[in-house]
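Along the sequence shown, residues carry numbers from 1.
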Amino acid sequence: MSLVKLIAEADERGLAASGLACLDRCLPLLAEETEVLRPLWAGVVSGEGDWTERLSASRDALDAVCGAAPDVTTALVRTMLGAAPSEWAAGPLRTWADTCSVVALEIHQQFDPVGEDGPAAAAERLAWCREDTGAVTDAADGAESTDGIGPLAAGELRRQIAILEILAETAGAAGVRRALDLSTEGQRVLRAVVSRRARAGS
């Protein structure tokens, strides 16, 4: 099943966790404190009764540790949280999760080599991989790269797919914990890339 199809069929819990995981993995671009959103993960577990309050608190916490966003990429990460719906409902959560999926993949693609055909072609390949079931199979098999996208974007694609599948198959807090563990793994990968870039530029 394609990533787009998995998002289309996910329930509120899966959508909220999917969008949050995309944001969580991109946090190294914004702050050294990368556990700032952990309370919102608890909001995914409790669902409608706790989501709105925890979302508001998480926005305040992120603002407190991040300060001003210095460039377009980091501004996008903050916008992802700002766009999260306070309503625990499938429609707005699905729109948000889909947007977070696209933004997270594009951010990871920015840290990959673009290739000779340029960024526009890379963006087209990325969009195709979200919709193609073959790309899902390649990603799930642990391929270093998937149909022309770079290894970082391919890894992000794999994690997005795996998290949605975990949440569809595993009920309750156990599924959310597994999703968080997988997201934390991706966060470490991006943090290492950001650190290498910073050292190279110093």
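One finds the CG atom of L20 at 11.0 Å from the CG atom of L93 (value rounded to the nearest 0.5 Å). To the nearest 0.5 Å, atom OG of residue S101 and atom CG of residue L15 are 11.5 Å apart. Going from atom CG of D24 over to atom CZ of R38 covers 6.5 Å, rounded to the nearest 0.5 Å. Distance OG1/T170 to CD/E165: 10.5 Å, rounded to 0.5 Å. From L152, atom CG reaches atom CG of L157 across 12.5 Å, with rounding to the nearest 0.5 Å. Between the CZ atom in R54 and the CG atom in L37 there is a gap of 12.0 Å [rounded to 0.5 Å].
Contact detail for I7 and A97: the closest heavy-atom pair is CD1-O, 4.4 Å. Across L105 and E156, no two heavy atoms sit closer than the pair CD2-CG, 3.6 Å. In this structure, I166 and G175 approach most closely via the heavy-atom pair CG2-O, 3.6 Å. Considering every non-hydrogen atom in both P28 and V194, the closest pair reads O-CG1, 4.3 Å. Scanning both residues, A153 and L126, for their nearest heavy atoms gives CB-CD1, 4.0 Å. The nearest pair of heavy atoms linking A104 to C22 is CB-CB, 3.8 Å.
Every pair passing ring-ring contact (aromatic ring centres under 6.0 Å, His included) that includes a residue from residues 77-102 is listed here, sequence neighbours excluded: W51-W88.
At least one donor-acceptor pair under 3.5 Å links the side chain of S2 to the backbone N or O of K5. Remark: the backbone N or O of L3 is not paired with any side-chain donor or acceptor of R130 at under 3.5 angstrom. Side chain of R94 to backbone of A8: a donor-acceptor contact under 3.5 angstrom is found. The closest donor-acceptor contact from the side chain of T184 to the backbone of L180 lies under 3.5 Å.
Under the 4.5 Å side-chain criterion, counting only non-hydrogen atoms from C-beta, P151 is in contact with D112. For the pair T99 and M80, the minimum side-chain heavy-atom distance is 4.5 Å or more. Put simply, the side chain of Q160 does not reach to within 4.5 Å of the side chain of S18, judged on heavy atoms.
The hydrophobic clustering, which links ILVMFWY residues whose side-chain heavy atoms are closer than 4.5 Å, places V102 and L81 apart. Taking hydrophobic clusters as Ile, Leu, Val, Met, Phe, Trp and Tyr residues chained together by side-chain heavy-atom distances below 4.5 Å, V4 does not share a cluster with I163.
Counting heavy-atom neighbours within 6.0 Å of E53 CD, excluding the residue itself, gives a total of 12 or less.
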Practice problem: Take V176 and R13 through the test side chain to side chain contact (heavy atoms under 4.5 Å, CB included) and record every step on the way to the result. | Solution: CA-CA 9 Å; V176 176; R13 171 176 159 273; 3.8 Å; yes
Quiz item: Between V45 and R177, is a side chain to side chain contact (heavy atoms under 4.5 Å, CB included) present by the stated rule, with each step listed?
Solution: CA-CA 9 Å; V45 175; R177 280 196 299 270; over 6 Å; no
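Of the residues listed (R25, R178, R159, R158), the one engaging E185 in a salt bridge (charged side-chain N to carboxylate O under 4.0 Å, His left out) is R159, and it is the only one.
Looking only at atom types and distance, the side chain of Q110 has no donor-acceptor partner in the side chain of E106 under 3.5 Å away.
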